[in-house]
Amino acid sequence: MKKILVVGSINMDCVIRLPRRPRPGETVFCSTVSHVPGGKGANQAYALGRMGTGVSLIGAVGQDEFGRISLANLRAAGVDTTGVRVSADEDTGRAFIEVEDDGQNSIIVLGGANTHVTEQDLLAHEALFDRCEALIMQLETPLDTVTAAARLARRKGKLVLLDPAPARPDLPAELLQCVDLLKPNETELEIVSGLPADTREQCIAAARSLLDRGVGQVLVTLGARGSLLVTRDGELFVPARKVKAVDTTAAGDCFNAAFACRLERCTDASGEPAGSLAGANYREALEFATAAAAIAVTRPGAQSSIPSRDEVERSLAAPAGAD
Ligand code: RIB
């Protein structure tokens with residue numbers, strides 16, 4: 001596949017590093033504060049660009065410095081940003097991210113221009129849907145827009161991948177029925193399915209409930225344990241690589257993009273038409289995505305942490321434990 005379309009959010013991340021998050025009513029010192037381009041949609045588009053895949057992004061930023069920096073960073077990675085509207089009425093989206101010393105984070109998002117991405121934005125760039133072979137989305141843009149994009153892509157025979165983050169329990173049946181591949185983490189899986197996902201068996205049952213609701217396949221990321229693909233034919237588990245995490249921000253975005261860019265190669269190789277996952281080499285795609293995310297967690301920030309395709313391939317070729 002030559003081209004992936006991302007419909008999604010663009011944020012400027014304000015990253016606060018601190019030993020531990022304060023309890024209610026407590027004041028703590030942080031060690032650094034920095035601004036890094038982020039946003040789940042932009043991170044996934046950026047990662048696809050870094051992996052050498054042709055990628056376009058539909059979204060919106062404000063007419064402000066954060067918007068300018070975000071767009072420049074995306075273009076530097078090769079992302080086509082002609083589908084990004086610069087709004088005079090809304091500020092660029094922002095995320096406030098606390099990263100603790102063990103690399104775990106918590107994120108608060110101010111949607112800004114992302115919350116005003118509409119079906120009109122999609123239709124204004126319908127040619128990007130025609131040209132792509134897969135659509136990737138997340139849930140930081142309005143649900144109506146995400147559903148409209150999935151419907152449009154499905155009508156045009158494109159593959160639809162959805163990262164249901166931030167998760168919500170009310171995903172419409174029409175959206176789920178358009179999704180070829182859903183990629184939640186365990187928490188998101190619980191929220192989207194309404195079922196517990198603490199054990200592997202529970203994850204499989206929750207994922208299968210989504211297959212019953214019309215999703216094509218479910219890929220569950222399990223953090224430091226690995227990832228689990230659940231299809232109608234069975235399950236495939238790939239363990240994570242052991243690395244020392246510095247910052248897990250955007251590791252899921254990097255995983256998603258790396259998996260998608262590898263899938264397209266597999267789909268090409270199988271000779272299957274775009275819009276089908278039949279014949280894809282899931283294990284190879286999962287191992288590539290696992291290696292990409294393992295690199296991302298060792299680096300600070302969102303887009304600043306995402307490796308190039310060469311880096312991922314070198315890491316895969318290195319002896320085990322050399323990460
Ligand atoms: O997935 C990580 C991203 O979530 C951050 O870059 C932040 O902007 C939020 O959207």
Side-chain angles (χ1 to χ4, degrees), residues 1-8 10 36-59 70-84 127-138 153 158-161 163 180-181 183 219 227 238 241 250-275 277 279-299 301-318 323:
M1 186 163 65
K2 314 289 177 291
K3 195 119 184 127
I4 294 181
L5 172 63
V6 178
V7 172
I10 304 164
V36 184
K40 295 184 195 305
N43 294 345
Q44 294 179 23
Y46 182 90
L48 287 162
R50 294 275 285 155
M51 306 287 160
T53 298
V55 51
S56 302
L57 174 62
I58 293 179
S70 300
L71 288 181
N73 204 51
L74 287 163
R75 288 179 190 134
V79 179
D80 164 23
T81 60
T82 53
V84 178
L128 297 178
F129 282 79
D130 291 325
R131 271 185 244 138
C132 78
E133 288 164 63
L135 169 69
I136 296 186
M137 296 185 291
Q138 319 73 32
K158 315 297 177 172
L159 204 62
V160 178
L161 287 77
D163 179 359
D180 294 292
L181 190 127
K183 191 218 70 77
L219 172 55
S227 55
V238 170
R241 296 179 145 217
D253 297 329
C254 180
F255 183 97
N256 207 22
F259 181 72
C261 88
R262 216 55 178 193
L263 256 196
E264 37 141 344
R265 275 188 34 158
C266 301
T267 306
D268 267 0
S270 74
E272 292 291 334
L277 283 175
N281 182 345
Y282 295 122
R283 181 174 291 283
E284 188 209 81
L286 282 177
E287 283 170 354
F288 186 81
T290 300
I295 296 173
V297 300
T298 64
R299 299 173 178 174
Q303 284 163 41
S304 50
S305 71
I306 291 170
S308 66
R309 173 172 284 207
D310 280 356
E311 288 176 283
V312 181
E313 281 173 350
R314 276 201 303 276
S315 156
L316 279 167
D323 288 320

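No hydrogens, no waters, no symmetry mates; every other heavy atom, side chains included, goes into these values.
Ile295 approaches Ser315 most closely through the heavy-atom pair CD1-CB, 4.0 Å. For the residue pair Ala257 and Leu48, the shortest heavy atom distance occurs at O-CD2, 3.4 Å. Scanning all heavy atoms of the two residues, the minimum distance from Val55 to Ala45 falls at CG1-O, 3.6 Å. Heavy atoms only, all atoms of each residue included: Leu135 and Phe129 are closest at CD2-CE2, 4.2 Å. The nearest pair of heavy atoms linking Gly301 to Val36 is CA-CG1, 4.2 Å. Contact detail for Met51 and Cys254: the closest heavy-atom pair is CE-SG, 4.4 Å.
Rounding to the nearest 0.5 Å places CD1 of Ile58 at 12.0 Å from OG1 of Thr81. Taking CD1 from Ile136 and CG from Asn256, the interatomic distance works out to 5.5 Å, rounded to the nearest 0.5 Å. With values rounded to the nearest 0.5 angstrom, Ser304 atom OG is found 8.0 Å from Tyr46 atom OH. Taking CD of Glu287 as the start and CZ of Arg241 as the end, the distance is 8.5 Å to the nearest 0.5 Å. Interatomic distance, Glu284 CD to Leu263 CG, rounded to the nearest 0.5 Å: 9.5 Å.
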Note to self: For Leu181 and Leu159: C-alpha separation, side-chain torsions, deciding distance, then whether side chain to side chain contact (heavy atoms under 4.5 Å, CB included) applies.
What the structure shows: CA-CA 8 Å; Leu181 190 127; Leu159 204 62; over 6 Å; no

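Side-chain contact between Thr53 and Arg309 is present, with heavy atoms from C-beta onward closer than 4.5 Å.
Looking at residues two or more places apart in sequence or on another chain, you find no salt bridge (Lys or Arg N to Asp or Glu O under 4.0 Å) involving Asp310. Legend: residues meeting side-chain hydrogen bond (donor to acceptor under 3.5 Å, both in side chains) with Asp80, ordered by chain and number and at least two apart, are Ser56, Thr82.
Checked by atom type and distance alone, the side chain of Lys158 pairs as donor or acceptor with a backbone atom of Asp130 at under 3.5 Å. Without hydrogens or angle criteria, Asp180 side chain to Leu161 main chain gives no donor-acceptor distance under 3.5 Å.
We find that Glu311 and Arg50 are joined by a salt bridge, their nearest charged nitrogen and carboxylate oxygen being less than 4.0 Å apart.
The only member of Gln138, Gln44, Lys40 that meets side-chain hydrogen bond (donor to acceptor under 3.5 Å, both in side chains) when paired with Asp163 is Gln44. Exactly one of Glu313, Arg299, Arg314 qualifies for a side-chain contact (heavy atoms from CB on, under 4.5 Å) with Pro307. That residue is Arg299.
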